Amino acid sequence: MKIIAVANKYKNLYYLDKDFSVLPIEIKNQIKISLVLSCEKIGGLIKLYFDDKGQIRLEALKEENDYTYDEILAKMTIKKIENELKDILIKLELYYKTKENLL
């Protein structure tokens, strides 16, 4: 697994892996805005990452005793992010696979 970005409401934190700092600022901003705003809405944290097969994934997680977290809303929000960022996610996946093949 390779983390791209994480938004964490518990810690009021946004993280972008340094390997993706070379992305255009517009793309970085779109990812950040989508993850942070969605995380504020549903709580918990949202993780954008590549799985072991190089496929891009979005996942919403919560701490064990977080009773304010809405799992149904989280699933709907993940689908919304996937739709809103569809073109960016496709390009990121291609970028990552190309980069991995060069190494």
Side-chain angles (χ1 to χ4, degrees):
M1 175 177 21
K2 174 70 175 167
I3 298 290
I4 301 167
V6 177
N8 185 327
K9 186 170 181 181
Y10 303 120
K11 298 180 181 181
N12 289 322
L13 173 84
Y14 175 77
Y15 166 79
L16 177 70
D17 187 274
K18 64 179 169 48
D19 289 345
F20 298 96
S21 63
V22 298
L23 295 174
I25 190 74
E26 298 84 20
I27 291 175
K28 292 189 290 189
N29 284 341
Q30 283 184 290
I31 292 170
K32 182 177 183 178
I33 290 167
S34 291
L35 267 57
V36 170
L37 290 179
S38 298
C39 194
E40 284 296 315
K41 183 177 180 181
I42 64 173
L45 62 94
I46 299 176
K47 177 171 61 170
L48 177 64
Y49 66 97
F50 290 103
D51 66 15
D52 295 333
K53 295 180 182 178
Q55 301 220 328
I56 204 158
R57 302 281 183 224
L58 269 163
E59 185 176 13
L61 303 165
K62 70 177 184 88
E63 290 183 350
E64 187 175 329
N65 295 325
D66 185 353
Y67 301 111
T68 63
Y69 181 83
D70 185 336
E71 290 189 37
I72 294 170
L73 182 59
K75 289 178 184 178
M76 291 171 43
T77 302
I78 292 297
K79 289 291 180 196
K80 182 180 176 195
I81 296 170
E82 289 171 341
N83 287 331
E84 288 175 353
L85 298 180
K86 184 177 183 176
D87 291 339
I88 290 173
L89 299 179
I90 290 169
K91 290 174 185 174
L92 266 176
E93 198 169 285
L94 181 61
Y95 166 79
Y96 183 72
K97 287 179 180 178
T98 303
K99 183 179 171 196
E100 289 298 303
N101 286 336
L102 294 174
L103 297 178

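Side chains included, hydrogens not; waters and symmetry mates left out as well; all remaining heavy atoms used. Quick caveat: nothing in here was measured; it's all calculated off a predicted structure.
Note that the CG atom of L89 and the CD1 atom of I4 stand 7.5 Å from one another [nearest 0.5 Å]. Annotation: the span from K91 atom NZ to L23 atom CG amounts to 11.5 Å, rounded to 0.5 Å. With values rounded to the nearest 0.5 angstrom, L73 atom CG is found 9.5 Å from K80 atom NZ. Once rounded to the nearest 0.5 Å, the distance linking CG of D52 with CZ of R57 reads 10.5 Å. Between D19 atom CG and Y96 atom OH the span is 8.5 Å, to the nearest 0.5 Å.
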Check step by step if salt bridge (Lys or Arg N to Asp or Glu O under 4.0 Å) holds for K97 and E93.
CA-CA 6 Å; K97 287 179 180 178; E93 198 169 285; 3.5 Å; yes

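The other members of the hydrophobic cluster of Y49, by chain and number, are M1, I3, V6, Y15, L45, L61 (side-chain heavy atoms under 4.5 Å, ILVMFWY only). Side-chain heavy-atom separations under 4.5 angstrom define the hydrophobic clusters, and the remaining members of the one that includes M76 are I72.
Side-chain contact between L58 and L85 is absent, with no heavy-atom pair separated by less than 4.5 Å. Between I46 and I81, the closest side-chain pair of non-hydrogen atoms falls below 4.5 Å. Proximity of F20 to L92: side-chain heavy atoms (C-beta onward) are separated by under 4.5 Å at one or more points. Between Y10 and K62, the closest side-chain pair of non-hydrogen atoms falls below 4.5 Å.
Listed here is the closest heavy atom pair of Y14 and A5: OH-CB, 3.5 Å. Heavy atoms only, all atoms of each residue included: Y69 and A74 are closest at OH-CB, 3.1 Å.
Summarising the local packing, NZ of K75 is surrounded by 12 or fewer heavy atoms from other residues, nucleotides or ligands at distances under 6.0 Å.
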Would you list the atom pairs, donor with acceptor, under 3.5 Å between side chains in residues 26-42 and any protein atom, with sequence neighbours excluded?
residue, atom, partner, partner atom, Å
K28, NZ, S21, O, 2.9
N29, ND2, I25, O, 3.4
S34, OG, Q30, O, 3.1
S38, OG, S34, O, 2.7

